[in-house]
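Report on one structure; see the data block that follows.
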Amino acid sequence: AAAWDLLIAAADTLFSIPVDSSDRLGHYVDRGEISLADIHHIIESGTWTPPWMSQDLAGVSMTVTLSMSRFGSLFVRHRTAWKPRAPLDTVPTRAYSGIVVDARGNLPVHGEYVDDRIAPCLFPRVWSEDMDTLYERNMIDPAVAKRRGIVVYASVPEDHAVVETVGADPLRITARGLYGQNRTDPLVSRQDYLKIMANPENRALLAAGKIAILCDTDRLSGIPLGPVKDDAYYFVFNRVKRALQAQPVAKMDFSDAWE
């Protein structure tokens, strides 16, 4: 019952988790591709701290830590990694230990006359400037994707998680732009695309998930809680509200206010 209560209380935040360039978790719930029971199981398996009283004894608080990789595992449905073919074009290249895409700062958004900053999500896709796919969720070993996700995010290349993932001699790439409604997908130059795709050892890095994306610090730790309340949000909100109200809980209040 506690997990259902938390799901109801935190629905505003949970359903706003960006999954990819166009959808958030709430969209998948609304379409029936992810069930509320799936999310309930993740909440139950989270780390729950003992509750504590406020100093004025007016309220009780507790902390629940949820694994983002567990949310990501709901979307990993392939059994083997898709192996991309070598391109016809080639460039001088060599084998690297991993790939670091530096997407910090403002970048032009593909197809729009604006600049924006990259936002982390569960399943970013990396594109060339010609919109050829360099990396996406089906290219990685599913066991790796379920265990830790398909990329590592950090604000600096010296971050321990980055070094642990990409090794001591990674290919360092500067992103040339962004793609997607959620601003999640970096674009890289054709030259950098070919440095990876033209070398079989570098293509193997994709299956191993040896990729890190650098973004601005506030994108990692200072993202405002709660979703952008646009038309798409309220459409999903109303559908999810009806679904939650159908659950057998003793008492339920559902609001789109964030406090």
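Predicted model only: the values in this text are computed from it and were never measured.
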- About how many Å separate CG of Leu36 and CZ of Phe15, when rounded to the nearest 0.5 Å? 5.5 Å
- Message: Could you check whether any side-chain N or O of Asp141 sits under 3.5 Å from a backbone N or O of Thr80, counting only pairs where one atom can act as donor and the other as acceptor?
- Response: no
- So which residues get pulled into Val163's cluster when ILVMFWY side chains under 4.5 Å apart are joined, directly or through others? none
- Each residue besides Leu88 in its hydrophobic cluster should be listed here, by chain and number; the cluster joins Ile, Leu, Val, Met, Phe, Trp and Tyr at side-chain heavy-atom distances under 4.5 Å. none
- Query: Which residue pairs satisfy the side-chain hydrogen bond (donor to acceptor under 3.5 Å, both in side chains) criterion with at least one member in residues 89-103, sequence neighbours excluded?
  - Reply: Asp89-Arg190, Arg94-Asp169, Asp102-Arg104
- Those residues at least two apart in sequence (or on a different chain) that pass side-chain contact (heavy atoms from CB on, under 4.5 Å) with Ser22 are Asp20
- Work out which heavy atom in Ser16 is nearest to a heavy atom in Arg24; give both atom names and the distance. O-NH1, 2.7 Å
- Item | Inter-residue atom distance Leu74.CG - Lys146.NZ, 0.5 Å rounding | 10.0 Å
- Please identify each residue that fulfils side-chain contact (heavy atoms from CB on, under 4.5 Å) with Thr65, with sequence neighbours left out. Thr47, Thr63
- Any donor-acceptor N/O pair, Asp185 side chain to Arg125 backbone, under 3.5 Å: yes
- Point-to-point distance, once rounded to the nearest 0.5 Å, from CE of Met68 to SG of Cys121: 9.5 Å
- Query: Listed by chain and number, what are the side-chain contact (heavy atoms from CB on, under 4.5 Å) partners of Arg148, not counting sequence neighbours?
  - Reply: Val144, Val152, Thr165
- Taking only residues two or more places apart in sequence, or in another chain, which ones meet Asp159 in a salt bridge (Lys or Arg N to Asp or Glu O under 4.0 Å)? none
- Message: Donor-acceptor pair, distance only, cut-off 3.5 Å: does the side chain of His41 make one with the backbone of Asp38?
- Response: no
Could you tabulate the donor-acceptor pairs under 3.5 Å formed by side-chain atoms of residues 106-116, not counting sequence neighbours?
unit_1: Glu112; atom_1: OE1; unit_2: Arg183; atom_2: NH2; d: 2.9
unit_1: Glu112; atom_1: OE2; unit_2: Arg183; atom_2: NH1; d: 3.0
unit_1: Asp116; atom_1: OD2; unit_2: Arg183; atom_2: NE; d: 3.2

- Message: Nearest 0.5 Å, please: how far is OG1 in Thr184 from CD1 in Ile213?
- Response: 8.5 Å
- Item | Results of salt bridge (Lys or Arg N to Asp or Glu O under 4.0 Å) for Glu164 - residues two or more places apart only | none
- Message: Within this structure, what is the NE2-CZ distance for the pair His78 and Arg137, rounded to the nearest 0.5 Å?
- Response: 9.5 Å
- Item | Arg31: salt bridge (Lys or Arg N to Asp or Glu O under 4.0 Å) partners, not counting sequence neighbours | Asp23, Glu33
- Residues at least two apart in sequence or cross-chain that pass ring-ring contact (aromatic ring centres under 6.0 Å, His included) with Phe71, listed by chain then number, are none
- For the pair Arg117 (side chain) and Gly105 (backbone), establish whether a donor and an acceptor sit closer than 3.5 Å, ignoring hydrogens and angles. no
- Query: Where is the tightest heavy-atom contact between Leu14 and Ile39, given as atom of each residue plus distance?
  - Reply: CD1-CG2, 4.3 Å
- Item | From Tyr135 atom OH to Ile196 atom CD1, the distance as rounded to the nearest 0.5 Å | 11.0 Å
- Message: Test question: given the 4.5 Å side-chain rule for I, L, V, M, F, W and Y, name all other residues clustered with Met131, or answer none.
- Response: Trp127, Tyr179, Leu187
